[in-house]
Structures are given as C-alpha cells and as structure tokens.
Amino acid sequence: MAGKLVIVESPAKAKTIGKFLGKEYKVASCFGHIRDLPESGLAINIEKNYEPEYVISDDKKDVVKELKKLAKNADEILLATDEDREGEAISWHLCEVLGIKPSEAKRVTYTEITEKAVKHAVKHPRKLNMDLVNAQQARRVLDRLVGYEISPVLWRKVKPQLSAGRVQSVAVRLIVEREREIRAFQPVASYKIIAHFTVTDPSGKKVTFKAERPVNFKTENEALNFLEEVKDAVFTVSAIEKRPGKRTPAAPFTTSTLQQEASRKLGFPVAKTMLVAQRLYENGHITYMRTDSTTLSDFALEAIEKEVKKRYGKEFYQKRQYATKNENAQEAHEAIRPSYIDQVSIEGDADDQRLYELIWKRTVASQMADAEIEKTVIDISNNKNSEVLRAQAEVVLFEGFLKVYNESVDEESEADEGAEVMIPPVKNGQQLPLKEMVAIERFTKPAPRYTEASLVKKLEELGIGRPSTYAPTISTIQKRNYVVKESREGVERKYKVFTLCDKKITSEIKTEITGAEKHKLFPTDIGLLVTDFLMENFRDIMDYNFTAEVEKEFDEVALGKMKWYKMIDNFYKPFHQVVETTTKEAQRVSGERLLGEDPASGEPVIARMGRYGPMVQIGKSEESSDKKPRFARLKAGQSIETITLQEALDLFKLPRVLGYDDAGKEVKVNIGRFGPYVQVDKTFASIPKDKDPYTITLEDALTLIREKEDINANRVIHNFEKEGIQVLNGRYGPYIKKGNNNYKIPKDKQAEYLTLEDVLMIIGEQGPTNKGGKRFFKRKR
DNA sequence: CAGTGAGCGAGCTTCCGCTTGACTT
C-alpha cells in the first residue's frame, strides 16, 4: 500500500501528527539522531578535510531497518525533523541512510503542532539546507576533537579514565572557582539596628512593628554609642512616603527555567524534573519539554485568554509576548505549557500532578495582568541625634498574576526576626513609644554554592549546553567524580546582641549555625586538580566565552559564509599543537601538599592525589632505605587543599583492633575502598553511615559481624561444584551464577527445589543477564 | 566487594546532542 511517509523525531509527536494527516500519510519516528561517530577512536580524517566517519548507532539499528522498509513502500518521503541545526542534520543522515539525494530531499517544518499548520506544511516542503547541516557537522567534529584529544592527556598526566569536554570542563570550572571563593572568604562583622515600636491601631489593639537603620554600624563601639545616645530619646515619625509599584509575571517555562523552579518549589533534582516532564509529554498533558523558547502558539494564547477571563475575570487578563532572552536559542519548539489549558489538573502520581500544576500556573500567569503594589516607607527620627530608622511595608492593591503564581528566587533571604509586614496607620509627627531596640552582630556572606538548577541557569546564561543536555551534563560531572552533591552541617558561630529595653542596655552572646548546606554541588579533589591542569594548559577551551565564540563561527557556516572544515582547521591546527606539547612537556600532577611533620617519627606528612583518590602519607619512599611510607585515604568531605596536619594524623588511627570476640579472634576496624568496615577473620561488614569507625564500640561491631554472617550463611542455596554453578541469594532475590555470568530464575520455579538439570536448562535457554559483568553496565552509562 | 598508593607490562578509558527504552548484579 503506497502512501506518503513523514519522518519526525519523537514518537509522541508522530502519534499526534498522524491523527491530523489521516490515512494517506504514514508518520514514523526516527528517535533523534540515527547515525553518529563511533564511540571508540577519533573517527575523523584530519588529512581529508576532517571527514567524519559515521556509523548507525547500535540502539538505532532496528529503527533504521524499520524506516528503510517504510521508505521502500512510500511514494514520497517528507523529512519533518525539528527545525534547528540538529534537526537539519538528522534529516540529512536520513537521506544518506535511506538513499535519498540530499538535493532532492523534501524538508518539512512547522512552528506549531496544529492540524492547520501541519497540513499546510506537508503541502509546502522546502529543500534541505546543507549549510545548516554543515554547521552541525562542525559542532559535532569540534566536540569530538576537544573531548577525545584532551581526555587522553589527562589519563597520562593526572589519572586514567578522566574526561574533558567543551561543556563539562567549564561546568566543573564554575563549581571549582565558586568553592575557592568561598574558602578564601573572610566574613566581615557589622551591627544591625532593629527597633520595635508599639502603637495602638484604630480598633484599640496594640500593634508592634519593626524599623531598621538602613545601614549597619561597622563596629561594636559605634553600635553601643548609638544605643547609649537614644536611651532616653523620643521617637517621632518624620516622613511617610507611599510609592506605587508593580510586578510582572515571568515568561512561560523553558527547560532551564522549569528545572530551576521545580528545584526551588518542589525540591526536584534536574534529572527527576526531566523524567516526570517526559511522562507528562508522552501522556499528552504538556508540550515538548526540551526547549529554549518562551513562545506560545496562537492556539495556546487563545485558550489561555479564554481560561483567564472565565476563571478570574477580564481585568486579570493581559496578552503578552515574551522575547527569548538567550542569544543562542534555536527555538525549534514552543515554550513548555499544558496541551489543554482548560485541564487544571491531570491523572497521575503525586510528582506528575505537582509538576503539571506548576506548569499550568506559570503558563496561565504569563498572560495575566501586572500586580499593583503600594510600598510604604516610614522614617523615624529621634531628638538625640540625626540618625533615621526606617520601617517598610508592602501592600498588594491588585493581585493580578500573583493570584496564580509567584516565581521564587535562588537565595533564601535572611531569616526575618519576627517582622511585622503590616504597618498600622501613623501620622507625620506622631510619637512612637519604643518597646525594644537591639544591635545585633551580622556577618557578610560569600556567594552561594551552586545547586544543580542554579548551575543549569549559569550554563544557559553562558550559552553552554542545550536543553537536551543540561540534566545529562550535571550527572556526567558527578559520575566522573569531579563534583559531588552533598549536604553539610554548618559550624557554630558566636555573635553579640545588645538590647535596649526600659532604658537599660544589656549584652548577650548567642550562637548560630553558619555554612550549613543542603544538596549543593562541591568540587572533589580530582575536580580541583583537573580544572587546575586544564586552566594551565588549555585556557582557551576553559574560557567562559569559548562556546559563544565558536557558536558565532557555526553561524557563519550556517549562513554559507565559511566552509565548515576550514573553520575546524583554523581551530584544530593550534589546538592540536597544544595537545602535542602538553603531552610531551607537562609534568604529572598530584596536587601534593606538605602538611608538616609527624611528631612521632619526624617524617614529613604529605597530602596528594593517589591512584585510588585523595590520600595522606607519612614519610617518603626513598631508594636508599627500605622504609615504607604509611598511607591513609581521605574521608568524605575532606580535601587535599584544606586538610590540616592534625586531621591527617587522625586518619592513621585506623586500622585499629577494637578487641576480641568470644572465640578470641581479633575484631578490626578500617576504611576500605567501599567505606568503613569491621572485619573478623574473613568476614567483612560495612559500618552504616550513622556510626563512626573511630568511635564504634566492640559490641556494635560484633552485632554487625553476626548479621553479616547470617546473610553469608543464607547466601548459597545450591552449590554444583563440579559444574562451577551456584544458586545464590542476591540483593534482588535468588539467581543462578556460572563463572562471571548470572541468570534469572523463571517466576514459576522455586530456587530451593531447583535440580542440576533445571539449572542447566535455564542456562541453555537464557542469555546471561549481565553479559559477563562490567561491560554491559558500562555501555549504558 | 573490602589491605592498595608500582619500576616491566595488555588494553582500556573519552566528547556533545538528538531521542526513548526495558526491568535489575
């Protein structure tokens, strides 16, 4: 049955468009890129104008087979991939694979997925834009050259298995530099003056409100002097100012802003946001979730107008167009919005519903009126000096979009000490009885550490990365162990408070917790080391403007003003030279730091990067003597750059013998590759996070060992020694193990009653579930 | 799973952007 074949990228989109076009058209999906450079090897022919070698990706073999079949039976093929650089390239790859001459390809694009737009689009195909395709090839080749030439340098000079890339290395640099800023930060103390006044409101009720000195006093002395001066002062209202203001709603969601808001409002990590959004998209609840555009289609605008007027009244409606801020935006999709605005809520689990609700509110609010605000500022003077205290309050006169949605901000503002937002009506010249005044010591704060979402925001501002890669980039830099997401407990800090009450001044020292962090990104030692190395040797690539600059050149290629391989050549020649000289001349780096002398032996104590991570050692291996240095690995949260001599020496308290069990065997505690553990004979038991290997009691350690022995005793269900096959109890229930391969036990069989014949049959029928161990899982990444 | 901190190694590791799977050592 001949017909027309339309190829789009996403299967969910194929379904929607298929409905619009009817039986005459077959709409299929190619699931994104179908070909790419092979994973291993450079696969770029430097001599032949950087000709890339493309292969069909393993996971796309079936897709391509299916598309070929459909193409053979079609009398017309329409390439309807996304309208951006990558989409154009995907269409070109489809041509190459399906045997279509690029000059004869029929390229279809539309900006809005409505029946009218799509039907019009398939009737008016254009030609393939080879300049745009070449800009994509340049992008792809550049990324491969950068990644696959710098990474091996790191293997030789720092540590095997490391990676570098145009996006990830800069992301790590941001975190490294922020951390160094924070470490170097010296808090500066100052004194904040807060006064509380009590007045009687018209109904006769006593109301207390707060006023502050706009600027803090620099020193304790100044603050105390001020309190002394005003001890007997009379306070009066010296000015009242009312200022109208307004607030404007935020633009509809892009991938980046959705990730930020879901993080702030719902506490989602970016990967979770994308997972949930994907589900909402596949179920037809929202538009595409990987987008850099804030544009709403005419269809959506109309629906939102109707919804706002119906739900809130027409004074709440205001039509708005949002220009996309990001210069790099490709705008192949709409903003992220509900597919059907009249659906306020959807079916699904709690996460689905919360994210949908967020998207609904943001979308609707974006087409609503400004909120009108009245800001009141009251100045309070006294008769003892010229200082002015200020009380501020905000009243919302008209809610506007705030009725639906209010965007959050990144930095949690300082905890307000019992602030009274409402100010009772007071008159100019009115005397105000002082209830209490405090001078409280405050400290300046360093720039905040990045969260996953605030890092995405920063990357987007720099034009680095794309909506489809923000979440994967964040997980890559964590997987490579350049960065860890952690919560850390703060430290106690003392601060002074002077209180003026009933004409007496009292002083007090209080403590607060400072520097506590929740789910923030911290660089690891290897992240610090690699960033320093790259900054030293590949400063151009690490420049925050590198991507923006090459993007300009990709644009030149896309406009046909420059040949793509010429552009790459201009970059590669000097770049490769740097790779060569760095490989030849750069020293191996280990971040070695001398901490001091071991008081017991007089040997030097050194912190450095070892083969298995950051470590400290006492003594050096000298060729002349056969004395061996002692080693210990750093604990989580410790860093080569900041560890002190004492902290380093403490690490050598392990391994230690806690005592002996009933049978007189040694109970040992140590920290291994997988964390702290207790050992008796050949039984190892991990020490759970809530216990410390330095302080764990013999009793607790023995309990852990007994529990572990129990598990071990129940581990082996059957052992067919001759055949080298075992039936074992694993983390996910019983399984069969032969050599390094594992096999599932069919659901209708009970592990206990399996005979050797049963087991052999299962092995014969099944492929191993893990394909010989590591490889299988590595590939999935 | 589990000590390590290498001089002689074999062979391997790695990028960024498009898109969704299939189901567990």
Side-chain angles (χ1 to χ4, degrees), chain A residues 8-13 29-37 39-43 57 59-60 62-63 81-82 84-87 89-90 93 136 139-155 159-169 278 281-282 288 290 332 464-470 472-473 476 480 547 590 608-617 621 623 628-633 654-655 668 670-679 682-686 728 730-733 735 737 740-742 744 768-771 773-778 780:
Chain A
V8 300
E9 289 181 39
S10 138
K13 199 165 164 184
S29 153
C30 69
F31 296 82
H33 274 296
I34 51 166
R35 297 202 309 180
D36 191 14
L37 303 171
E39 261 183 55
S40 68
L42 197 62
S57 328
D59 53 338
K60 297 295 163 57
D62 293 343
V63 173
T81 51
D82 295 347
D84 59 9
R85 192 163 69 199
E86 297 295 326
I90 292 173
H93 282 297
Q136 191 277 344
R139 199 281 303 155
R140 182 66 190 93
V141 166
L142 180 120
D143 282 337
R144 170 56 65 101
L145 290 170
V146 168
Y148 273 39
E149 291 217 349
I150 300 184
S151 297
V153 179
L154 294 178
W155 304 341
K159 222 175 116 175
Q161 255 123 16
L162 296 173
S163 67
R166 174 176 58 82
V167 173
Q168 59 169 280
S169 297
Q278 174 89 28
Y281 168 66
E282 283 171 12
Y288 198 58
R290 290 186 275 265
I464 299 171
R466 303 277 317 135
S468 66
T469 60
Y470 295 137
T473 299
T476 298
R480 296 260 172 282
T547 291
S590 69
R608 66 176 174 93
M609 184 58 62
R611 273 220 303 164
Y612 306 104
M615 56 180 265
V616 283
Q617 67 181 68
S621 42
E623 280 174 45
K628 264 201 174 168
R630 294 162 63 204
F631 303 102
R633 70 177 12 243
L654 291 180
K668 266 203 296 199
N670 201 0
I671 296 181
R673 201 143 81 82
F674 303 99
Y677 65 94
V678 192
Q679 179 187 8
K682 289 221 167 123
T683 305
F684 296 84
S686 294
L728 301 171
R731 261 164 71 192
Y732 303 99
Y735 67 99
K737 179 180 169 75
N740 278 330
N741 288 333
N742 299 320
K744 271 200 300 195
T769 50
N770 63 339
K771 305 210 170 129
K774 289 173 185 171
R775 276 205 85 83
F776 180 65
F777 291 99
K778 264 207 170 138
K780 281 182 92 175

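Within every chain, numbering begins at 1; the chains are lettered A, B, ... in the order of the sequence lines, protein sequences first and strands thereafter. Please read these numbers as outputs of a predicted model, since none were measured by experiment.
One can place CD of A:E86 at 6 Å from C1' of B:dC18, the figure rounded to the nearest angstrom.
For the pair A:K60 and A:D36, the salt-bridge criterion is not met [side-chain N within less than 4.0 Å of a carboxylate O]. Between A:D82 and A:R290 there is no salt bridge, since no side-chain N of the basic residue sits under 4.0 Å from a carboxylate O of the acidic one.
The phosphate of B:dT14 (OP1 or OP2) has no side-chain N or O of A:Q161 nearer than 4.0 angstrom. For the pair A:R290 and B:dT20, the criterion of a side-chain N or O lying under 4.0 Å from OP1 or OP2 is met.
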**Message:** Let me check I have this right: for DNA chain B, each base becomes ., (, ), [, ] or |, based on Watson-Crick or G-U pairs with both distances under 3.5 Å. What is the full string?
**Reply:** .........................

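Within 4.0 Å of A:E149, counting heavy atoms only, lies no atom of the nucleic acid at all. When heavy atoms are screened at a 4.0 angstrom cut-off, A:G87 is found touching no nucleic acid atom at all. Across all strands shown, A:A89 has no heavy atoms under 4.0 Å from either base or sugar-phosphate atoms. Using a 4.0 Å heavy-atom cutoff across all strands shown, A:L162 reaches sugar-phosphate atoms only and no base atom.
For B:dC18, its base never sits under 3.5 Å from the side chain of A:R466 at any donor and acceptor pair.
In this structure A:R144 satisfies the salt bridge (Lys or Arg N to Asp or Glu O under 4.0 Å) test with no other residue, sequence neighbours excluded. A:A89 meets the side chain to side chain contact (heavy atoms under 4.5 Å, CB included) test with A:H33, A:Q136; sequence neighbours excluded.
Residue whose closest nucleotide on DNA chain B sits further toward the 5' end, between A:K159 and A:T469: A:K159. Looking at which nucleotide of DNA chain B each of A:G610 and A:D36 is closest to, the 5′-most match is held by A:G610.
B:dG17 has its base anti relative to the sugar, with a glycosidic angle deviating from 0 by more than 90°.
Distance from the side chain of A:E282 is smallest for B:dT20 among the nucleotides B:dC15, B:dT20, B:dT4.
Considering all non-hydrogen atoms of both residues, A:S10 and A:S29 come closest at C-OG, 3.6 Å.
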